[in-house]
Amino acid sequence: MAILVTGGAGFIGSNFVLEWLGCGSEPVVVLDKLTYAGNLENLAAIRGDERFTFAHGDIADQARVAGLLREHAIRAVVNFAAESHVDRSIHGPAEFIQTNVVGTLQLLEAVRAFWGGLPAGPKEAFRFLHVSTDEVYGSLGADDPAFTEEHLYQPNSPYSASKAASDHLVRAYHHTYGLPVLTTNCSNNYGPYHFPEKLVPLMILNALGGKALPVYGDGRNVRDWLYVTDHCSAIRRVLEAGQLGRTYNIGGRNEKTNLEVVQTLCSILDAVSPRAGGGSYWEQVQFVKDRPGHDRRYAIDASRMENELGWLPSETFETGIRKTVEWYLANPEWVLGVTSGAYRDWVDKQYGS
Ligand code: NAD
Ligand code: DAU
């Protein structure tokens with residue numbers, strides 16, 4: 001018996017796999033297409049571990065998924081695989097539809113066929129956990145209550161629309177076929193192995209590299225930040241005790257404007273790695289053109305996770321963000337590995353010179 005983790009070479013997936021093997025003995029199979037965002041170096045610490053199998057492949061490849069489910073007697077699938085960057089979805093939505101919608105459909109089909117053929121006990125115990133996002137709920141006004149699981153789906157970007165579509169497919173497979181599914185909708189993550197196209201790692205690395213810190217619009221958009229290992233512990237808890245067919249909102253109750261996040265990062269860096277020429281990293285901030293359709297505010301009401309499953313995050317924003325900065329400072333080789341070639345092309349396309 002083992003679990004199958006799709007997208008396990010990406011940011012959250014790799015943190016999940018490292019933690020899974022760190023806190024238990026059950027084997028894990030990672031299926032990952034190794035797109036620009038997938039990186040086997042994220043899993044270097046478990047290379048050679050006999051409980052770990054890596055399979056290079058696409059969730060849209062039904063035959064490949066079917067083979068893995070059979071060969072490894074999979075008892076649960078945790079689906080992280082996705083195109084995940086909003087700005088990229090604005091430049092090119094097609095890949096998002098292909099992986100997030102078509103890919104999820106093909107994955108569900110392979111899982112449904114496998115699950116349908118299981119004997120009663122393993123069939124009842126089987127789980128399909130779909131990892132989704134708070135962005136499916138759309139944008140909140142400054143005084144609106146945080147998103148609950150009952151909030152309407154109102155996705156605003158091609159990325160969030162594709163994730164919303166995948167959530168609906170997962171829901172439909174439960175309702176129509178009885179597939180034992182669970183869905184999690186989480187807020188913004190940050191932490192180790194975060195690809196530096198996203199706000200937190202981009203700001204850390206640009207600051208250290210003496211580059212501009214590009215803040216979109218007025219910088220007052222609000223995100224609800226959660227340290228990545230707290231997201232992983234929440235997923236483990238939902239997998240263990242979540243009610244079938246139910247969705248769970250995961251968040252850290254850490255609402256911050258983007259300016260607050262950048263300010264915090266600059267202050268930590270000023271203290272732990274001061275600028276060679278003096279002055280604060282904050283001087284590198286540049287306000288740039290806003291993201292089209294930029295959602296103003298996300299906030300998660302995590303009451304269901306807290307009350308029904310007894311889950312709470314371990315990190316505050318202050319402890320998590322400090323650990324994150326320290327991780328990037330301690331891992332220059334990882335940074336070098338992900339900021340070459342294709343990454344530079346993306347930065348030119350998104351930010352110009
Ligand atoms: P990521 O972009 O860092 O990683 C995605 C991984 O999926 C990569 O390893 C990539 O190679 C793989 N992948 C992409 N297409 C694939 C395909 N067709 N078949 C197999 N593998 C494929 O993303 P992330 O930030 O780790 O996010 C993981 C999941 O969590 C996504 O579903 C995302 O929507 C969701 N999520 C992310 C956040 C966040 O703040 N990053 C918050 C909530 C939910
Ligand atoms: O809310 C969960 C979502 O969080 C996940 O579903 C997505 O996969 C993940 O990428 C993240 O989406 P965001 O768009 O919120 O994250 P991003 O890091 O791209 O941007 C965070 C905020 O910072 C957002 O308001 C845009 C702003 N931003 C981002 C970048 C990259 C900037 O101001 N400048 C930048 O250069």
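In each ligand, atom 1 is the first atom listed, and ligand 1 is the first ligand listed. Just so we're clear, the structure is a prediction, and the values are computed from it rather than from any experiment. Excluded from the calculations below are hydrogen atoms, water molecules and symmetry mates; all remaining heavy atoms, backbone and side chain alike, are included.
- Side-chain contact annotation: Thr6 with Asn79, donor-acceptor N/O pair under 3.5 Å present.
- Residue contacts with ligand 1: Gly57 is included, with a non-hydrogen atom under 4.0 Å away.
- For His194, no nitrogen or oxygen atom sits less than 3.5 Å from a nitrogen or oxygen atom of ligand 1, counting backbone and side chain alike.
- With a 4.0 Å heavy-atom cut-off, ligand 1 is reached by no atom of His85.
- A cation-pi arrangement is present between Arg88 and Trp346 under the rule of less than 6.0 angstrom and at most 45 degrees off the ring axis.
- The shell of residues lying under 4.0 angstrom from ligand 1, judged by heavy atoms, excludes Thr6.
- Annotation: atom 32 (O) of ligand 1 to nearest protein heavy atom, Lys163 NZ, 2.6 Å.
- Figure legend: Arg112 and Phe128 shown without cation-pi pairing, the cationic atom not lying both under 6.0 angstrom from the six-membered ring centre and within 45 degrees of its axis.
- With distances taken over non-hydrogen atoms, the option nearest atom 31 (C) of ligand 1 out of Tyr190, Phe80, Tyr298 is Phe80.
- Taking only nitrogen or oxygen atoms, main chain and side chain alike, Val215 does not reach within less than 3.5 Å of ligand 2.
- Distance from atom 38 (C) of ligand 1 to its nearest protein heavy atom, with residue and atom name: Ile12 CD1, 3.5 Å.
- Relative orientation of the His168 and Tyr153 rings is tilted, given thresholds of 30° and 60° on the angle between their planes.
- Looking only at atom types and distance, the side chain of Asn100 has no donor-acceptor partner in the side chain of Ser166 under 3.5 Å away.
- In the model, Trp334 has a side-chain atom that pairs as donor or acceptor with a side-chain atom of Asn42 under 3.5 Å.
- In the vicinity of Ala81, heavy-atom distances shorter than 4.0 Å reach the ligand 1 atoms 7 (O), 20 (C), 21 (N), 22 (C).
- If you check which protein heavy atom lies closest to atom 14 (O) of ligand 2, you get Arg291 NH1, 2.6 Å.
- If you look at Asp224 next to ligand 2, there are no close heavy atoms at all, none under 4.0 Å.
- The option from Val200, Asp295, Asn258 that lies nearest to atom 23 (O) of ligand 2, judged by heavy atoms, is Asn258.
- Screening Glu308, Glu149, His174 for a side chain to side chain contact (heavy atoms under 4.5 Å, CB included) with Arg246, the sole residue that qualifies is Glu308.
- Using modelled atom types and a 3.5 Å distance limit, the side chains of Asp167 and Ser132 yield a donor-acceptor pair.
- Of all the heavy atoms of Lys198, the ones lying under 4.0 Å from any atom of ligand 2 are found in both the backbone and the side chain.
- Residue contact annotation: Phe195 has no non-hydrogen atom under 4.0 Å from ligand 1.
- Among protein heavy atoms, atom 21 (C) of ligand 2 sits closest to Leu199 CB, 3.9 Å.
- Counting only heavy atoms from C-beta outward, the side chains of Asn249 and Asp134 never approach each other to under 4.5 Å.
- Remark: ligand 1 atoms within the under-4.0 Å shell around heavy atoms of Ser132 are 43 (C), 44 (C).
- The backbone N or O of Lys33 sits nowhere less than 3.5 Å from a side-chain atom of Asp58 that would complete a donor-acceptor pair.
- Proximity to Leu34 (heavy-atom distance under 4.0 Å) selects the following atoms of ligand 1: 11 (O).
- Counting heavy atoms under 4.0 Å from ligand 1, residue Ser14 does not touch it at all.
- Counting only distance, with no hydrogens or angles, the side chain of Ser273 and the backbone of Leu269 share no donor-acceptor pair below 3.5 Å.
- Shortest contact from atom 13 (P) of ligand 2 to any protein heavy atom: Glu135 OE2, 3.4 Å.
- Counting the atoms of ligand 1 from 1 in the order shown, those under 4.0 Å from a heavy atom of Asn188 are 40 (O).
- Of all protein heavy atoms, the one closest to atom 21 (N) of ligand 1 is Lys33 N, 3.1 Å.
- Here's the thing with Ser187: none of its N/O atoms is less than 3.5 angstrom from an N/O atom of ligand 2.
- Among protein heavy atoms, the minimum distance from atom 8 (O) of ligand 2 is reached at Ser84 O, 2.7 Å.
- Under a 4.0 Å criterion applied to the non-hydrogen atoms of Asp58, ligand 1 contributes the atoms 17 (C), 18 (N), 19 (N).
- Between Tyr216 and His294, the two ring planes are perpendicular [angle over 60°; tilted spans 30° to 60°].
- Below 4.0 Å from some heavy atom of Thr133 lie the following atoms of ligand 2, by number and element: 1 (O), 2 (C), 3 (C), 5 (C), 6 (O).
- Looking at ligand 1, you won't find any N or O of Asn79 less than 3.5 Å from one of its N or O atoms.
- Protein heavy atom in closest approach to atom 33 (O) of ligand 2: Tyr216 N, 2.9 Å.
- Per-residue contacts place Thr35 under 4.0 angstrom from the following atoms of ligand 1 (heavy atoms of the residue considered): 10 (C), 11 (O), 14 (C), 15 (N).
- Residue contact annotation: Gly8 has no non-hydrogen atom under 4.0 Å from ligand 1.
- Paired with Tyr190 under the rule ring-ring contact (aromatic ring centres under 6.0 Å, His included), one option of Tyr328, Phe195, Tyr227 passes, and it is Tyr227.
- Between Thr99 and ligand 1, at least one pair of N/O atoms sits closer than 3.5 Å.
- Polar contact with ligand 2: absent for Val86 (N/O pair, distance under 3.5 Å).
- Atom 26 (C) of ligand 2 has as its closest protein heavy atom His294 NE2, 3.4 Å.
- No more than 12 heavy atoms of other residues, nucleotides or ligands shown are found within 6.0 angstrom of CD on Glu124.
- Judged by the shortest distance from any of its heavy atoms, Ala9 lies inside the 4.0 Å radius around the atoms of ligand 1.
- By the 4.5 Å heavy-atom criterion applied to side chains, Leu239 and Trp20 are counted as neighbours.
- Among Leu213, Asn221, Val131, Asp134, the residue whose heavy atom lies closest to atom 2 (C) of ligand 2 is Asp134.
- No N or O atom of Ala60 sits closer than 3.5 Å to an N or O atom of ligand 1.
- Residue Gly10 places at least one N or O, backbone or side chain, under 3.5 Å from an N or O of ligand 1.
- Nearest to atom 5 (C) of ligand 2 among the protein's heavy atoms is Tyr159 OH, 3.6 Å.
- Residues Val285 and Val262 form a side-chain contact, since some pair of their non-hydrogen atoms from C-beta on lies under 4.5 Å apart.
- Side-chain atoms of Lys198 and Ser84 include a donor-acceptor pair closer than 3.5 Å.
- Aromatic ring pairs are classed by plane angle as parallel below 30°, tilted from 30° to 60° and perpendicular above 60°; the pair His56 and Phe54 is parallel.
- Of the N or O atoms in Asn189, one or more lie within a sub-3.5 Å distance of an N or O in ligand 1.
- Distances from ligand 1 to the non-hydrogen atoms of Tyr159 include at least one value under 4.0 Å.
- Residue, atom and distance of the protein heavy atom nearest to atom 34 (N) of ligand 2 are Pro214 O, 2.8 Å.
- By heavy-atom distance, the residue among Val285, Asn188, Ile300 lying nearest atom 11 (C) of ligand 2 is Asn188.
- Residue-level proximity to ligand 2 for Glu197 is carried by the backbone, the only part with a heavy atom below 4.0 angstrom.
- Of all atoms in ligand 1, numbered sequentially from 1 with element shown, those under 4.0 Å from a heavy atom of Val131 are 30 (O), 32 (O).
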